[in-house]
Amino acid sequence: MVTKCRRSRTSFTEEQLKILVQAFSQNPYPGYTAKQRLAVEINTEESRIQIWFQNRRARHGFLERPKKNLDHTSPKEKIPDGRDRRCRTSYSSSQLQTLKNAFTENPYPGIDSREQLAEKIGVPESRVQIWFQNRRSRLRIQRKRGLEEASDQRQNQGQDL
DNA sequence: CCTAATCTAATCACCCTCGGGGTGATTAGCTCATTAGG
């Protein structure tokens with residue numbers, strides 16, 4: 001078996017889907033505790049719930065208004081959940097070192113590598129995935145900023161002369 | 001095919017500590033992102 005790139009597709013049962021769809025119609029932006037509750041209820045991981053809601057919002061656009069025109073109830077019902085987030089993960093310096101080393105070797109680890117890494121540093125795989133996303137993103141920004149500064153310097157030099 | 005998984009870019013939230021950088025978490029993606037597995 002070669003190292004796998006993607007997580008294998010999870011297939012939800014009709015029963016699970018029914019519960020998810022129901023929850024989505026009530027609130028397309030569930031907070032962390034709501035997602036966790038759902039995960040327990042349908043016996044899956046919270047990260048799968050998160051992905052499912054992301055995809056559903058993208059596809060269906062949550063514009064399906066089940067209520068026609070008489071939902072002038074409470075204006076703060078559809079707030080995209082300001083407060084209820086997952087607790088920030090804090091990495092120890094040795095955990096960070098492990099992550100950084102892995103990143104240098106491969107900034108796009110597949111599911112197998114991520115899971116290995118996750119077990120090694122004792123953190124959920126989903127957190128490892130997020131860490132790599134953020135690191136890639138910030139490295140790109142950093143690199144772009146570096147280029148801009150270099151060209152700014154060139155421009156300044158030109159003006160000075 | 002259908003849709004879960006993945007990606008980038010932008011933004012929010014919180015920390016540390018007094019002004020703004022650092023970084024984990026969340027979101028959108030527009031003729032509604034792309035890729036790919038069952």
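Side chains are part of it too, since the values below use all heavy atoms of this structure and drop only hydrogens, waters and symmetry mates. Chain naming here is simple, since letters A, B, ... match the order of the sequence lines and numbering starts at 1 in each.
Looking at A/E115, its side chain never comes within 3.5 Å of a backbone N or O of A/D112 through a donor-acceptor pair. For the pair A/Q16 (side chain) and A/T13 (backbone), a donor-acceptor distance under 3.5 Å is present. At distances below 3.5 Å, not a single donor-acceptor pair connects side-chain atoms of A/T44 with backbone N or O atoms of A/V40. Not a single donor-acceptor pair under 3.5 Å links the side chain of A/E125 to the backbone N or O of A/A118.
A/S90 comes within contact range of no nucleotide atom at all, as no heavy-atom separation falls under 4.0 Å. As judged by a 4.0 angstrom heavy-atom cut-off over every strand, A/Q133 is placed among the base-contacting residues. Here A/R135 lies out of heavy-atom contact (under 4.0 Å) with every strand. Counting any heavy atom pair closer than 4.0 Å across all strands shown, A/R86 reaches sugar-phosphate atoms only and no base atom.
One interatomic measurement links the two molecules: CZ of A/R59 to P of B/dC30, which rounds to 17 Å at whole-angstrom precision. Look at CG on A/D112: it is 14 Å from C1' on B/dA5, rounded to the nearest Å. For A/N134 and B/dA10, the CG to P distance is 14 Å, given to the nearest whole Å. As rounded to whole Å, 5 Å separates atom C1' of B/dT6 from atom CZ of A/R6. One interatomic measurement links the two molecules: CZ of A/R56 to P of B/dT27, which rounds to 16 Å at whole-angstrom precision. A/N55 has its CG atom 11 Å from the P atom of B/dT6, to the nearest Å. Put simply, CZ on A/R88 is 16 Å from P on B/dC12, counting in whole angstrom units. A/I141 places its CD1 atom 7 Å from the P atom of B/dA10, with the value rounded to the nearest Å.
Enclosure of atom CD in A/E46 by more than 12 non-hydrogen atoms of other residues, nucleotides or ligands within 6.0 angstrom is indicated.
For a distance-only test at 3.5 Å, the side chain of A/R7 fails to qualify as a donor-acceptor partner of the base of B/dG37.
Nearest to the side-chain atoms of A/R57 among the listed nucleotides B/dA25, B/dT6, B/dA28 stands B/dA28. When distances are taken from the side chain of A/Y29 to each of B/dT26, B/dA28, B/dC7, the shortest belongs to B/dA28. Candidate nucleotides B/dA9, B/dA4, B/dG24 were compared by shortest atom distance to the side chain of A/R9, and B/dA4 ranks first.
Atom C1' of B/dA9 sits at a distance of 15 Å from the matching atom of B/dC30, rounded to the whole Å. Nucleotides B/dA10 and B/dG38 have their P atoms positioned 34 Å apart, rounded to a whole Å. Atom name P, nucleotides B/dT26 and B/dT31: the rounded distance is 28 Å, in whole Å. Nucleotides B/dA13 and B/dT17 have their P atoms positioned 22 Å apart, rounded to a whole Å. A distance of about 39 Å separates the P atoms of B/dT23 and B/dT3, rounded to the whole Å. Only the P atoms considered, B/dG24 is 26 Å distant from B/dG19, to the nearest whole Å. Remark: the separation of the P atoms in B/dG29 and B/dC1 is 26 Å, to the nearest Å. Nucleotides B/dT6 and B/dT27 place their C1' atoms 15 Å apart, quoted to the nearest Å.
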Please evaluate residues A/F132 and A/F103 with respect to the criterion ring-ring contact (aromatic ring centres under 6.0 Å, His included), reporting the C-alpha separation (whole Å), side-chain torsions for both, the decisive distance (0.1 Å), and the verdict. CA-CA 7 Å; A/F132 273 83; A/F103 186 89; 5.7 Å; yes
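Contact check, A/Y108 against B/dT8: a side-chain N or O comes under 4.0 Å of OP1 or OP2. Within the structure, a side-chain polar atom (N or O) of A/T10 is placed less than 4.0 Å from OP1 or OP2 of B/dA5. A close approach under 4.0 Å does not occur between any side-chain nitrogen or oxygen of A/W52 and OP1 or OP2 of B/dT3. Taking side-chain N and O atoms only, A/T89 has a distance below 4.0 Å to OP1 or OP2 of B/dA25.
Between A/I130 and A/R140, the residue anchored closer to the 5' end of DNA chain B is A/R140, taking for each the nucleotide with the nearest heavy atom. Residues A/K35 and A/R114 both approach DNA chain B. Their nearest nucleotides, taken by heavy-atom distance, put A/R114 toward the 5′ side.
When only modelled atom types and interatomic distance are considered, A/Q97 and A/N101 share a side-chain donor-acceptor pair under 3.5 Å.
B/dC18 shows a glycosidic angle within 90° of 0 and is accordingly assigned syn.
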